Visitor: 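Pasting a structure below so you can have a look.
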Protein chains: 2
Amino acid sequence: MLSVASGSSRGQFFHADDVGPNAMTTDSCKQPRLSPRDRIVEAARELFRRHGIRGIGVDAIADAASSNKMTLYRHFNSKDELIVECLQRAGMEMDGFWRALEDAHPGDGLAQLRAWVRLIAEHLGDDDCHCEMMSAAVQLTDEDHPGRSVIRKFKDAQRDRVVEVCRKAGVANAELLCDTLLLLIEGARVAQQSSGVQGPSVRFAEIADAAILSLSGSDAVPR
Amino acid sequence: MLSVASGSSRGQFFHADDVGPNAMTTDSCKQPRLSPRDRIVEAARELFRRHGIRGIGVDAIADAASSNKMTLYRHFNSKDELIVECLQRAGMEMDGFWRALEDAHPGDGLAQLRAWVRLIAEHLGDDDCHCEMMSAAVQLTDEDHPGRSVIRKFKDAQRDRVVEVCRKAGVANAELLCDTLLLLIEGARVAQQSSGVQGPSVRFAEIADAAILSLSGSDAVPR
DNA sequence: CGAAAATGTTACTGGTCGGTAACATCTGCG
DNA sequence: CGCAGATGTTACCGACCAGTAACATTTTCG
C-alpha cells in the first residue's frame, strides 16, 4: 500500500534521528511530545505552508509551537536559519519517501515511477500538497538567501535520482522522461495554486502515465 | 517574426487604451512619459517580479515610479487594489499576445501552438520570465485575496482559449493536449525558479513539441 | 538531592510597513 | 490669465516584526 506519509496531523512524518539532546519530555503512555526545537520547526513548516514564509512572524511560529520566541532564537540565530532547517527537513522527508518507494518495488524502476506519479496525483487534492521547496523558491526572491542553495541541492539530487530510476526502468532516454515527469509534477502543483483542483492538474495522472508509457518503450499496460 | 513582447525596458509592452484622463504630459519629441498611475502600476509589476509581492513596500513602488505614496493612494485605495490592477494588466498583455499569435498564423492552430511553445522556450532564459499570475498565486496565501479571483478567471480563460486553438488545430483530444501544454509550461517556469536555467526546463521545448506531435495525430505515434 | 542546562516570561529596541492628514506645487484648459 | 484638478512634500499614526536582555521556572541527569 506504500503508506509513507503518515503520523502527523497534516500528512507529514518525522525522523527520529538528529533531534538533539532531549527528544521527548517523557516516555510514559502520554503522546510523545516533540522537543521544543522540533515543535518549532514543524509549526514553522505548517505556518509557512498556510501563510507563506513572509506572511508569518516568529512570534506566531513560537506560539503555534507552544513555545516562545526566546527558545526559538536559542536554537536558530535568525528566521532565515529556521527557514533553512525547514527546507532541509522537507528534503529529508523526501529522501525517506524515495526509500519507501524503492522498498515497495525493489529493483522495479518502472513500478517506482508509476507509484510515484500515482501518489502525487492522489496527494494533489490535499490543501497542503504543494512542495515546500517550490513555494520557498518563489517566495525567497533574494538570490543570496541561504535557503536557495538548499533548494538547489535538493532539486539537483532529486533529478539525479529520478534519472537513475528511469535508467533502471530500462528507459532509453532516461533524462528526457525524468525531465518530462519533473515538469509535469511541478506544473500540476503550481497549476493547482492558480487554477484550483479542477484546473489542468486534474489530468496530471493521465498525462504522466502516458509519458511513462510512451517514453519507456514498454508494452506493458499500467496498473 | 512575431515580435509581440518589445518596447519597454524589461520586455513588456503597454496598451494605449484605458490609461485615464492624462496619458502623457507632453506630445513633444521627448520620450512619451506615462501618467503617474501607469508608472506606478508598471513599477509595481517590476518590483513585484524582482522582490515578491510581500517583499516590496508601497514607498519603494512610488519611489521607483518617480511618484509618491499619496498619488499612489489617490489611485488605489489599498496595496491589494494595486496588486489587482497589476494582475489585470498582465492578463491584458497576454490577451494581446494571443491576438498577435492569431495574426501571425491566421487559422493555423497547430502553427499557433508551436509558436507559443517556441516563444515561451525562448523567453525562459530571461530573468523576468516567470508568470506574474503564477508568482502571485503562490504568494497570495490568503484565499480571499481579491487578486485570486483575477488569477482564477485569467487561468480559466487561458485554458478555454488553448483548448479552442487545439480544436482548430484538428487535435482529437483537445483538452488533453491543452492541459499537457499548460502543465509543461507552468512546470518549466516554476522549475526554473528552483532548479535554475540548467534544470529540467532546458528540455521544455523538446518535450512540448513532442507532446504536440504525439497528440495532434499529424504523424503516427499511437499510444 | 542538587547543580547545570534548557525552557518560559516579560519587556524592550529599532526598524519597516500600510495608510492618512495637511499643505504646497504644478498642469492643463477655458 | 486664472481656476480647478491632479500631483508632490512632509510629517505622522498604529501595527507589526526581527531580534535582544534580564530574570524566573522547569527539566535533565550525575
Side-chain angles (χ1 to χ4, degrees), chain A residues 18-28 30 32-44 47-48 51-86 139-142 145-147, chain B residues 19-28 30 32-44 47-48 50-86 139-142 145-147:
Chain A
D18 195 19
V19 288
N22 49 352
M24 298 171 183
T25 59
T26 170
D27 53 351
S28 73
K30 297 232 171 209
R33 189 167 172 77
L34 298 168
S35 72
R37 189 179 203 274
D38 288 346
R39 294 203 314 266
I40 288 170
V41 173
E42 295 308 323
L47 292 176
F48 286 161
H51 305 282
I53 291 180
R54 301 183 119 130
I56 203 73
V58 287
D59 288 279
I61 293 171
D63 205 55
S66 299
S67 185
N68 55 80
K69 195 159 54 168
M70 270 314 299
T71 302
L72 189 154
Y73 275 102
R74 286 193 191 101
H75 287 287
F76 308 98
N77 291 323
S78 65
K79 187 184 179 184
D80 285 344
E81 270 193 17
L82 174 58
I83 294 169
V84 167
E85 174 75 18
C86 289
Q139 291 174 30
L140 299 182
T141 50
D142 184 5
H145 193 287
Chain B
V19 288
N22 49 351
M24 301 171 183
T25 59
T26 171
D27 54 352
S28 73
K30 297 229 172 212
R33 188 167 172 78
L34 297 168
S35 72
R37 188 180 202 275
D38 287 347
R39 294 201 316 264
I40 288 170
V41 173
E42 295 308 323
L47 292 176
F48 287 161
R50 291 234 295 255
H51 305 284
I53 290 180
R54 303 183 118 131
I56 202 73
V58 286
D59 288 280
I61 293 171
D63 206 54
S66 299
S67 185
N68 54 82
K69 196 161 55 170
M70 270 314 299
T71 302
L72 190 153
Y73 275 102
R74 286 194 191 99
H75 287 286
F76 308 98
N77 291 324
S78 66
K79 186 184 180 184
D80 285 344
E81 270 194 17
L82 174 59
I83 293 169
V84 167
E85 173 76 18
C86 289
Q139 291 175 31
L140 300 182
T141 51
D142 184 6
H145 193 287

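Keep in mind it's a predicted model, so treat the numbers as computed, not measured.
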Visitor: Starting at the 5' end of DNA chain D and moving along, which residue's nearest nucleotide shows up first, A:I53 or A:M70?
Guide: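 Here A:I53 is the residue nearer the 5' end.
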Visitor: Answer with yes or no whether the side chains of A:R54 and A:T141 bring together a donor and an acceptor at under 3.5 Å.
Guide: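 Yes, A:R54 and A:T141 have a side-chain donor paired with an acceptor closer than 3.5 Å.
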Visitor: Just the rounded figure in Å: distance from P of D:dC17 to NZ of A:K69.
Guide: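 Rounded to the whole Å, the gap is 10 Å.
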Visitor: Do B:I83 and B:H145 make a side-chain contact, defined as non-hydrogen atoms from C-beta onward lying under 4.5 Å apart?
Guide: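 Counting from C-beta outward, B:I83 and B:H145 do come under 4.5 Å.
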Visitor: Tell me which one of A:R74, A:H75, A:E81 satisfies side-chain contact (heavy atoms from CB on, under 4.5 Å) with A:N77.
Guide: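 Only one of A:R74, A:H75, A:E81 forms a side-chain contact (heavy atoms from CB on, under 4.5 Å) with A:N77, namely A:E81.
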Visitor: B:D59: which residues meet the side-chain hydrogen bond (donor to acceptor under 3.5 Å, both in side chains) condition with it, sequence neighbours left out?
Guide: B:K69
Visitor: Establish, with yes or no, whether the OP1 or OP2 oxygen of D:dA6 is under 4.0 angstrom from a side-chain nitrogen or oxygen of B:T71.
Guide: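 No, B:T71 has no side-chain N/O under 4.0 Å of OP1/OP2 on D:dA6.
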Visitor: State whether B:R39 places a side-chain N or O below 4.0 Å from either non-bridging phosphate oxygen (OP1 or OP2) of D:dG8.
Guide: yes
Visitor: Please state how far atom CG in B:D63 lies from atom P in C:dC17, giving the value in whole angstrom units.
Guide: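 Answer to the nearest Å: 12 Å.
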Visitor: Under 4.0 Å: is that the gap between some side-chain N or O of A:H75 and OP1 or OP2 of C:dT7?
Guide: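 Yes, within the criterion.
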Visitor: Report yes if a donor N or O on one partner sits less than 3.5 Å from an acceptor N or O on the other, where the partners are the side chain of B:R74 and the base of D:dG8; otherwise report no.
Guide: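 Yes, the side chain and the base share a sub-3.5 Å donor-acceptor pair.
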Visitor: Would you kindly give the CG-to-C1' distance between B:L82 and C:dC17, to the nearest whole Å?
Guide: 15 Å
Visitor: How many whole angstroms separate atom CD1 of A:I83 from atom P of D:dA18?
Guide: 9 Å
Visitor: I need the CD1-C1' distance between A:I61 and D:dC17, as an integer number of Å.
Guide: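 My rounded result for the distance is 11 Å.
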Visitor: Starting at CZ of B:R37 and ending at C1' of D:dG8, how long is that distance when rounded to a whole Å?
Guide: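 Taking atom C1' of D:dG8 as the reference, CZ of B:R37 is at 18 Å.
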Visitor: Contact class for B:I56 (heavy atom, under 4.0 Å): base, sugar-phosphate, or nothing?
Guide: sugar-phosphate
Visitor: Nearest whole angstrom, please: distance from the C1' of D:dC16 to the CG of A:D59.
Guide: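 Distance check: A:D59 CG to D:dC16 C1' gives 9 Å.
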Visitor: In whole angstrom, give the distance that lies between atom CG of A:N68 and atom P of C:dA11.
Guide: 14 Å
Visitor: Kindly indicate whether the side chain of B:K79 and the base of C:dG19 share any N or O donor-acceptor pair separated by less than 3.5 Å?
Guide: no
Visitor: Could you please name the option among C:dA21, D:dA22, C:dG19 that lies closest to any side-chain atom of B:Y73?
Guide: C:dG19
